[in-house]
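Report on the following structure.
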Amino acid sequence: QVQLVESGGGLVQAGGSLRLSCTASGRTISTYDMGWFRQAPGKEREVVARNSRSGGSTYYADSVKGRFTISRDNAKNTVYLQMNSLKPEDTAVYFCAAGISGTTRYWGQGTQVTVSS
């Protein structure tokens with residue numbers, strides 16, 4: 001079992017940046033594919049970014065391409081989501097997730113990101 005804890009959310013103005021962190025415990029993230037999801041008010045949860053266990057395969061939603069970057073530091077057992085050029089439509093609760101072979105198994109509790117205009 002792996003426990004995931006997100007941090008780094010907050011309130012920013014449009015055009016600003018935030019860096020989300022997801023720290024895992026229980027198991028090393030090198031064992032898992034990792035991803036970031038978000039859920040906006042009244043919307044379904046959607047994938048934002050994913051990368052493979054090795055870090056060699058990365059996916060971004062079209063809505064965030066060129067603005068968001070997922071990365072991991074295996075030594076710190078932490079996954080990051082760097083969010084630049086934030087827009088009000090990026091406002092959501094952001095969740096970290098861990099999976100194996102494309103199947104999500106563990107979720108963090110979520111961290112709120114609010115982008116004001």
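Numbering of residues begins at 1 and proceeds along the displayed sequence. Quantities reported herein were computed from a predicted structural model and do not represent experimental measurements.
- Separation of atoms CG (Leu11) and CD (Gln112) is listed at 9.5 Å; rounding is to 0.5 Å.
- Atom CZ of Arg50 and atom CZ of Phe37 lie 4.0 Å apart (nearest 0.5 Å).
- Within the structure, salt bridge (charged side-chain N to carboxylate O under 4.0 Å, His left out) pairs that include any residue of residues 88-103 comprise Arg38-Asp90, Arg67-Asp90 (at least two apart or interchain).
- Here Arg19 contributes atom CZ and Tyr80 contributes atom OH; the two are 4.5 Å apart, rounded to the nearest 0.5 Å.
- Under the side chain to side chain contact (heavy atoms under 4.5 Å, CB included) criterion, Thr28 pairs with Ser30, Thr31, Asn77, sequence neighbours left out.
- Residues Thr23 and Thr78 bring a donor and an acceptor atom of their side chains to less than 3.5 Å of each other.
- Grouped by direct or indirect side-chain proximity (heavy atoms under 4.5 Å, Ile/Leu/Val/Met/Phe/Trp/Tyr only), Leu86 sits with Val2, Leu4, Val12, Leu18, Leu20, Ile29, Tyr32, Met34, Trp36, Val48, Tyr60, Val64, Phe68, Ile70, Val79, Leu81, Met83, Tyr94, Ile100, Tyr106, Val113, Val115.
- The two residues Ser117 and Ala14 come nearest to each other via the heavy atoms CA-CB, 4.4 Å.
- The stretch residues 74-117 participates, sequence neighbours left out, in these disulfide bond (SG atoms under 2.5 Å apart) pairs: Cys22-Cys96.
- For Ser17, the side chain to side chain contact (heavy atoms under 4.5 Å, CB included) partners two or more places apart in sequence, or in a different chain, are Gln82, Asn84.
- For the side chain to side chain contact (heavy atoms under 4.5 Å, CB included) test, residues two or more places apart in sequence or in another chain that qualify with Ser25 are Gln3.
- Looking at Glu6, its side chain does come within 3.5 Å of a backbone N or O of Gln109 through a donor-acceptor pair.
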